[in-house]
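Naming convention: chains lettered A, B, ... in sequence-line order (proteins, then strands); numbering from 1 in each chain.
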Amino acid sequence: MAKKYWLFKAEPHIYGIDHLAAAPDKIGRWDGIRNYQARNFLRDQVALNDEVFIYHSSCKNVGIVGTAKVVKTAYPDPTQFNPESDYYDPKSTPENPRWVSVDIKLTKVFPRLIALAEIKAQPRLENMILVKQSRLSTQPVTVDEWKLINDLL
DNA sequence: GCCAACGTTGGC
DNA sequence: GCCAACGTTGGC
């Protein structure tokens, strides 16, 4: 199957590109996704070696900060079973887990932020899900969008 | 902090 | 299954 491209959002003060960069082998678990549409992408479509834009949301400078690749496909998100976690879901059980995580490895830290405003200013990016639907924390990116954004650097 | 857009819950 | 009320996301 052809390689696919994604955009994953994170709040950088909770888990951002700096956390990934500091992790062993720069590999981190992408957890805490609690939206069914986003979960379905993770569970059903995100494949090994797919490439991912890391996006920082809900912060001073929102935008894309780097790239990663998928090194482990969907498995039950352990935080859903942990009552201490903000992501605890009492309705989820190990026998029938509701939420999934994937592992990604940081591949590139962009030399500068590609701001959301800059993306919105590109007519050829006007159909990006990021632009059209603000509330989706994992979302597909087309090959063309992937290339265009990399060319902005 | 505000607010628009969207998702979830729960009564009926 | 509908829909109102409420909660959350996320940009500004």
Outermost DNA chain B nucleotides near chain A [under 4.0 Å, heavy atoms]: B:dA5 to B:dT9
Assess, by modelled atom type and distance only, whether the side chains of A:D77 and A:T79 contain a donor and an acceptor separated by less than 3.5 Å. yes
Measure across A:K72 and A:L48 and return the closest heavy-atom pair with its distance rounded to 0.1 Å. N-CD1, 3.9 Å
Any base atoms under 4.0 Å from [X], or only sugar-phosphate, or nothing? Heavy atoms, all strands.
X: A:S58; result: base
X: A:Q37; result: sugar-phosphate
X: A:K132; result: nothing

Salt bridge check: are A:D31 and A:R29 linked by an N-O gap of less than 4.0 Å? yes
Salt-bridge present (A:E51, A:K108; N to O < 4.0 Å): no
For the ring pair A:Y88 and A:W99, is the centre-to-centre distance below 6.0 Å? no
